[in-house]
Asks: 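Please see the structure below; I have some questions.
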Amino acid sequence: MDPAKPSQELLRSLTDEHVLRALMRHRLLTRAELSTETGISKPTAGESVRRLTEAGLVVDTGRRTPGGRGRGRVGSYYSLAPDVGTALAVSVAPEGVVAECVDAYGNLVARVEEPVGRPARPDDVATALGRAVDRVRELVEARQEADFAGDRGDRGDRGELGPAGRLRLDAWPRLAVVSAADPVDRHTGRLLQLPDAPFLLGEIDPVAVLAGRVAGTVLVDNDVNWAAEAERAAAPMDDFAFVYLDEGLGCAIVSDGEVRRGHRGVAGEVAHLVTVGPGGRAMPLIEVFGLLGLRHGRSTAIDVDRLLEERPPEVVTAVGGLVAALATLIDPEVVVIGGRWGTPLSDVIAEEVSRSPRPVPVRAASVKNEPSLAGARAQALDMLRALIVGR
């Protein structure tokens, strides 16, 4: 039996996806350039541009290639329509809330930082989250108003169309991806309060906070999981553990190319994993820092500055025990160490692990600048582009 041929509708859909993704990569392309970039014939590329223009996803920018008078045919440059939408990437961390708006090209459109006081109370964090997203929208609206005014001036328009309502609607992000420095319930997106958690004192619900501020999906995950995704993008690996050592302790487990989150979403919470403490005693990892006086007062948050100043060998031994346990349990290709004190100590941790019965390669994280936000931002961009392609 001959295999079924794809329908014309499917072929047109695939062609349109290739054209849209080419414009996402290159921003401005003529029909001829789209044909070259996608491998689609010029007539087929032209038909796709026509369909996408009618659908409001692609626009003629008004720019033209040099041509005419014997120099060849003039070509029009096309781009994504300016109102295909934006996405939010948000970080909720001990330092505060950061909200970024990105467009379909991956451009940073706006960024806002909102501090959070210590101790971080749930209501304060929720308020800071809402305020940061509201301020981002205000910045996007202002930018769109300014861009429109500039375009109107260039065209000599008198503003009869009154675009303010449309501009406000376009400023609503189509989705949000949230990175949270606390365990996250994978089914609800709520932040969970576990014993001795160093950050939030209670639970907040980012999905509920953003429900009236985002047009579509709000995806929430733990910050270490997003940092692991950023690391995997920078240095592709299918099986590794990402150990994050900062004010809090965390671990992301990547197996067969997927972050493993567990039943509730709290896989990788290693603070209470039993390791070797001072004097060779077995104890939960978090208690090592309490015995060494390396916690902030009335908190389980680790005093990073003091730890880096003292660099106690007991901490290296304890983390080495943690890595040895991970090597036994998940058989990683490598263990990546991140965090403000983990990265500087990665070499001595690697040396400690090399002496264990189950040694495994250990290295410092490749992504140094806001790794959790970088992972969330990349996911937000992927989801936004998928929405645009799916129309």
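Positions are given from 1, in the same order as the sequence printed here. Everything numeric here is computed off the predicted structure, so don't read it as measured data.
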Asks: Only distances under 3.5 Å count here; give the side-chain donor-acceptor pairs of residues 321-328 to other protein atoms, sequence neighbours excluded, each with its distance to 0.1 Å.
Replies:
from: Thr328; atom 1: OG1; to: Ala324; atom 2: O; distance (Å): 3.1

Asks: Per the salt bridge (charged side-chain N to carboxylate O under 4.0 Å, His left out) rule, what does the pair list look like for residues 307-325, sequence neighbours excluded?
Replies: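 Applying salt bridge (charged side-chain N to carboxylate O under 4.0 Å, His left out) to every pair that reaches into residues 307-325, excluding sequence neighbours, yields Arg306-Glu310.
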
Asks: Under a 3.5 Å threshold, yes or no: a donor from one side chain and an acceptor from the other, between Tyr78 and Arg31?
Replies: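 Yes, side-chain donor-acceptor contact under 3.5 Å.
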
Asks: Under the side-chain contact (heavy atoms from CB on, under 4.5 Å) rule, collect the residues that match up with Ala227, sequence neighbours excluded.
Replies: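 Phe242, Pro371, Ser372.
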
Asks: Going by side-chain hydrogen bond (donor to acceptor under 3.5 Å, both in side chains), name the residues that satisfy it together with Glu229, two or more places apart in sequence or in a different chain.
Replies: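 Partners of Glu229 under the side-chain hydrogen bond (donor to acceptor under 3.5 Å, both in side chains) test: Arg232.
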
Asks: Which salt bridge (charged side-chain N to carboxylate O under 4.0 Å, His left out) pairs, counting each pair once, include a residue from residues 321-331, with sequence neighbours left out?
Replies: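 Applying salt bridge (charged side-chain N to carboxylate O under 4.0 Å, His left out) to every pair that reaches into residues 321-331, excluding sequence neighbours, yields nothing.
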
Asks: Could I get the full list of side-chain contact (heavy atoms from CB on, under 4.5 Å) partners for Arg174, not counting sequence neighbours?
Replies: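 Result, side-chain contact (heavy atoms from CB on, under 4.5 Å) vs Arg174: Leu384, Leu387, Ile388.
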
Asks: What pairs with Glu287 under side-chain hydrogen bond (donor to acceptor under 3.5 Å, both in side chains), at least two apart in sequence or on another chain?
Replies: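 side-chain hydrogen bond (donor to acceptor under 3.5 Å, both in side chains) check on Glu287 returns nothing, list empty.
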
Asks: Is the number of heavy atoms from other residues, nucleotides or ligands under 6.0 Å of Arg264 CZ greater than 12?
Replies: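 No, the 6.0 Å shell around CZ holds no more than 12 heavy atoms from other groups.
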
Asks: Give the other cluster members for Leu10, using side-chain heavy-atom distances under 4.5 Å between Ile, Leu, Val, Met, Phe, Trp and Tyr residues; answer none if it is isolated.
Replies: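 Direct or chained contacts put Leu10 with Leu14.
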
Asks: Is it possible for you to check whether Arg213 lies under 6.0 Å from the centre of the six-membered ring of Trp172, through NZ or CZ, and within 45° of that ring's axis?
Replies: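 No cation-pi geometry.
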
Asks: Which residue pairs pass the salt bridge (charged side-chain N to carboxylate O under 4.0 Å, His left out) test with at least one member in residues 345-359, sequence neighbours excluded?
Replies: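 Found Glu351-Arg355, Glu352-Arg355.
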
Asks: With sequence neighbours excluded, what pairs up with Thr217 under the side-chain contact (heavy atoms from CB on, under 4.5 Å) test?
Replies: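 side-chain contact (heavy atoms from CB on, under 4.5 Å) list for Thr217, sorted by chain: Met383.
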
Asks: For Phe240, give me all partners under ring pair (Phe, Tyr, Trp, His ring centres under 6.0 Å), at least two apart in sequence or on another chain.
Replies: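 Partners of Phe240 by the ring pair (Phe, Tyr, Trp, His ring centres under 6.0 Å) criterion come out as none, since no residue qualifies.
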
Asks: Given the ring of Tyr105, does Arg27 sit roughly above its face, with NZ or CZ under 6.0 Å from the centre of the six-membered ring and within 45° of the axis?
Replies: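 Here Arg27 passes the 6.0 Å and 45° test against Tyr105.
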
Asks: Excluding sequence neighbours, so at least two apart, what forms side-chain hydrogen bond (donor to acceptor under 3.5 Å, both in side chains) with His296?
Replies: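 Checked His296 against side-chain hydrogen bond (donor to acceptor under 3.5 Å, both in side chains); zero matches.
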
Asks: With hydrophobic residues grouped by side-chain heavy-atom distances under 4.5 Å, do Leu219 and Val92 end up in a single group?
Replies: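 Result: no, two separate clusters.
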
Asks: Using a strict 4.0 Å threshold on nitrogen-to-oxygen distance, state whether Glu113 and Arg111 make a salt bridge.
Replies: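 Looking at Glu113 and Arg111, the cut-off is met.
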
